[in-house]
Visitor: 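Here you go, one structure.
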Amino acid sequence: MRIAVTGSIATDHLMTFPGRFADQLVADQLHTVSLSFLVDNLDVRRGGVGANICFGMGQLGTRPILVGAAGSDFDEYRAWLDRHGVDTDSVRISEVLHTARFVCTTDADHNQIGSFYTGAMSEARLIELKAVADRVGGLDLVLIGADDPEAMLRHTEECRTRGIPFAADFSQQIARMNGDEIRTLLDGATYLFSNEYEKGLIESKTGWSDEEILGRVGHRVTTLGARGVRIERTGEPTIEVGCPDEEAKVDPTGVGDAFRAGFLSGLSWGVGHERAAQVGCMLATLVIETLGTQEYTLRRAHFMERFTKTYGDAAAAEVRARLA
């Protein structure tokens with residue numbers, strides 16, 4: 001099963017300031033702030049929802065196709081993804097813009113000052129999925145993740161026009177989208193991904209009820225944090241899957257991306273929605289135990305041991321036969 005993942009490609013530049021921002025602010029001079037903070041640490045991490053999802057799928061051996069836009073500074077990141085089983089040949093490289101970047105400084109009180117540079121992500125709207133499909137011999141599913149909003153709309157319309165099944169996954173971009181845009185992006189989706197809060201926001205912005213949305217998508221996949229995930233389809237019993245026990249809770253960033261990576265890999269293996277959700281929850285647990293969205297290592301024996309403990313021997317046997 002050939003799955004393409006469209007979405008952002010970015011790097012995070014995270015710094016730590018040992019003092020307090022509040023101590024540097026003068027109350028009657030806030031209209032003319034000019035400050036520079038001498039930071040102790042700089043941590044550069046690979047990120048972006050499209051790249052994070054593809055990294056997880058690559059770890060599971062399903063060879064995803066990453067579709068997005070990056071800058072000429074993407075070479076090292078590309079090599080990393082290539083080494084971890086991701087097809088990066090459909091990434092557009094901008095001639096004038098850098099790869100998207102989040103720069104953030106955190107003080108001793110955990111207050112943050114950050115900036116997000118969109119950069120080359122804005123050129124994702126220039127990518128045509130037909131060229132991707134022609135290169136790989138057709139696409140069975142396209143996940144349309146958070147990206148340049150115009151790109152998300154274009155990819156959705158192209159999937160409809162060309163009859164390519166697609167999954168809608170607004171993620172961070174839902175905050176800036178209006179009801180018309182959200183209705184356009186989800187209508188006819190084979191899968192609609194969201195967390196519980198986003199689920200309510202989708203219903204509020206579209207004006208559609210839960211039942212109306214279920215009638216417009218094939219499956220609604222709602223992540224529930226520590227409680228796992230719920231999968232709904234009109235006329236069928238709801239599937240609910242819990243999460244494995246965590247060995248540590250280090251950093252929740254990228255957990256949702258990891259779930260999607262596991263779930264999509266399960267679809268690629270053809271193991272069914274419950275089993276796919278179990279794989280997604282297991283992979284998400286590995287991420288929450290690791291600092292960074294792509295810093296975890298999937299050790300097959302360890303993965304299967306924990307999977308078996310949580311979901312049982314029959315489920316494990318089905319997954320073990322397919323896990324690369």
Side-chain angles (χ1 to χ4, degrees), residues 3-12 46-57 64-71 73-74 77-78 81 86-94 96-102 115-133 139 141-162 164-178 180-195 198 201-202 205 221 253-254 256-261 264 293-294:
I3 298 178
V5 177
T6 77
S8 60
I9 302 167
T11 56
D12 297 336
R46 305 171 187 92
V49 297
N52 288 343
I53 294 170
C54 282
F55 176 84
M57 295 178 70
I65 302 152
L66 176 59
V67 180
D73 54 343
F74 182 60
Y77 198 168
R78 183 197 295 276
L81 292 171
V86 179
D87 179 341
T88 62
D89 287 347
S90 290
V91 174
R92 174 187 172 88
I93 301 301
S94 172
V96 295
L97 298 170
H98 292 291
T99 301
R101 191 167 303 168
F102 177 60
S115 301
F116 185 80
Y117 165 72
T118 305
M121 192 176 84
S122 62
E123 294 188 10
R125 67 186 68 180
L126 304 177
I127 298 171
E128 185 179 17
L129 293 178
K130 181 181 184 301
V132 180
L139 293 172
L141 180 69
V142 176
L143 178 119
I144 300 172
D147 203 346
D148 170 68
E150 289 297 323
M152 296 172 71
L153 290 165
R154 175 177 181 174
H155 297 333
T156 300
E157 292 293 355
E158 187 175 355
C159 283
R160 286 199 191 95
T161 300
R162 300 190 186 281
I164 304 172
F166 67 96
D169 185 14
F170 318 126
S171 190
Q172 302 100 316
Q173 292 292 33
I174 192 172
R176 65 172 290 165
M177 291 178 169
N178 60 40
D180 288 340
E181 290 171 326
I182 295 172
R183 284 190 287 267
T184 297
L185 289 170
L186 72 81
D187 201 12
T190 304
Y191 298 94
L192 171 61
F193 289 95
S194 70
N195 60 33
E198 292 164 349
L201 199 55
I202 289 168
K205 287 196 170 188
V221 183
T253 308
D257 297 336
F259 169 79
R260 287 151 175 78
L264 293 173
T293 59
Q294 297 179 30

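Side-chain atoms are counted along with the backbone in the values below, which use heavy atoms only and exclude waters and symmetry mates. Everything quoted here is computed from the prediction, not taken from an experiment.
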Visitor: Can you sort out the partners of Glu128 under side-chain contact (heavy atoms from CB on, under 4.5 Å), two or more places apart, ordered by chain and number?
Guide: Lys130, Arg154, Glu158, Arg162

Visitor: Please report the closest heavy-atom contact between Val49 and Ala146, naming both atoms and the distance.
Guide: CG2-O, 3.3 Å

Visitor: What closest approach, in Å, do Gln173 and Asp147 show between heavy atoms, and which atom pair accounts for it?
Guide: NE2-O, 2.6 Å

Visitor: Only one of Ile65, Val132, Val5 passes side chain to side chain contact (heavy atoms under 4.5 Å, CB included) with Asp87; say which it is.
Guide: Ile65

Visitor: Could you grab the distance from atom CD1 of Ile174 to atom CD of Glu198, nearest 0.5 Å is fine?
Guide: 5.5 Å

Visitor: Between Leu81 and Phe74, does a side chain to side chain contact (heavy atoms under 4.5 Å, CB included) hold up when you go through it step by step?
Guide: CA-CA 10 Å; Leu81 292 171; Phe74 182 60; 4.1 Å; yes

Visitor: So, Ser94 side chain and Gly71 main chain: donor-acceptor pair closer than 3.5 Å or not?
Guide: no

Visitor: So which heavy atom on Met121 is nearest to which on Phe116, and how close?
Guide: CE-CE2, 4.3 Å

Visitor: Does any N or O in the side chain of Asp73 come within less than 3.5 Å of the main-chain N or O of Thr99, such that one atom is a donor and the other an acceptor?
Guide: yes

Visitor: Enter the distance from Leu129:CG to Ile164:CD1 here, rounded to the nearest 0.5 Å.
Guide: 6.0 Å

Visitor: Decide yes or no on side chain to side chain contact (heavy atoms under 4.5 Å, CB included) for Ile127 and Ser90, but give the supporting numbers first.
Guide: CA-CA 9 Å; Ile127 298 171; Ser90 290; over 6 Å; no

Visitor: Name all pairs fulfilling the salt bridge (charged side-chain N to carboxylate O under 4.0 Å, His left out) condition that reach into residues 115-126, sequence neighbours left out, sorted by first residue then second.
Guide: Arg92-Glu123, Arg125-Asp148

Visitor: Might you point out which heavy atoms bring Ala69 and Ala120 nearest each other, and give the distance in Å?
Guide: CB-O, 3.1 Å

Visitor: If I take atom CG from residue Asp180 and atom CG from residue Leu185, how far apart are they, to the nearest 0.5 angstrom?
Guide: 11.0 Å

Visitor: What heavy-atom pair brings Ile144 and Thr156 nearest, and what distance separates the two atoms?
Guide: CD1-OG1, 3.3 Å

Visitor: Take Phe55 and Asp257 through the side chain to side chain contact (heavy atoms under 4.5 Å, CB included) test and state the conclusion after the steps.
Guide: CA-CA 9 Å; Phe55 176 84; Asp257 297 336; over 6 Å; no

Visitor: For the pair Ile202 and Phe170, evaluate side chain to side chain contact (heavy atoms under 4.5 Å, CB included) and give the outcome as yes or no after the intermediate values.
Guide: CA-CA 9 Å; Ile202 289 168; Phe170 318 126; 3.6 Å; yes

Visitor: Without swapping roles, check the side chain of Tyr77 against the backbone of Gly47 for a donor-acceptor pair under 3.5 Å.
Guide: yes

Visitor: Is the backbone N or O of Gly56 less than 3.5 Å from a side-chain atom of Arg260, with the two atoms forming a donor-acceptor pair by type?
Guide: no

Visitor: Nearest 0.5 Å please: distance from the CZ atom of Arg101 over to the CG atom of Asp12.
Guide: 10.5 Å

Visitor: With distance as the sole test, does Arg160 use its side chain to make a donor-acceptor pair with the main-chain N or O of Gly188 at under 3.5 Å?
Guide: no

Visitor: Is there side-chain contact between Glu181 and Pro149, with at least one heavy-atom pair below 4.5 Å?
Guide: no

Visitor: Just how far is it from atom CG of Leu186 to atom OG of Ser194, taken to the nearest 0.5 Å?
Guide: 10.0 Å

Visitor: Closest heavy-atom contact between Ala4 and Val67?
Guide: CB-CG2, 4.2 Å

Visitor: Assess, by modelled atom type and distance only, whether the side chains of Thr293 and Asn52 contain a donor and an acceptor separated by less than 3.5 Å.
Guide: yes

Visitor: Over 60° means perpendicular and under 30° means parallel, so tell me whether Phe193 and Phe259 are parallel, tilted or perpendicular.
Guide: perpendicular

Visitor: Once rounded to the nearest 0.5 Å, what's the spacing between atom CG of Leu97 and atom OG1 of Thr118?
Guide: 9.5 Å

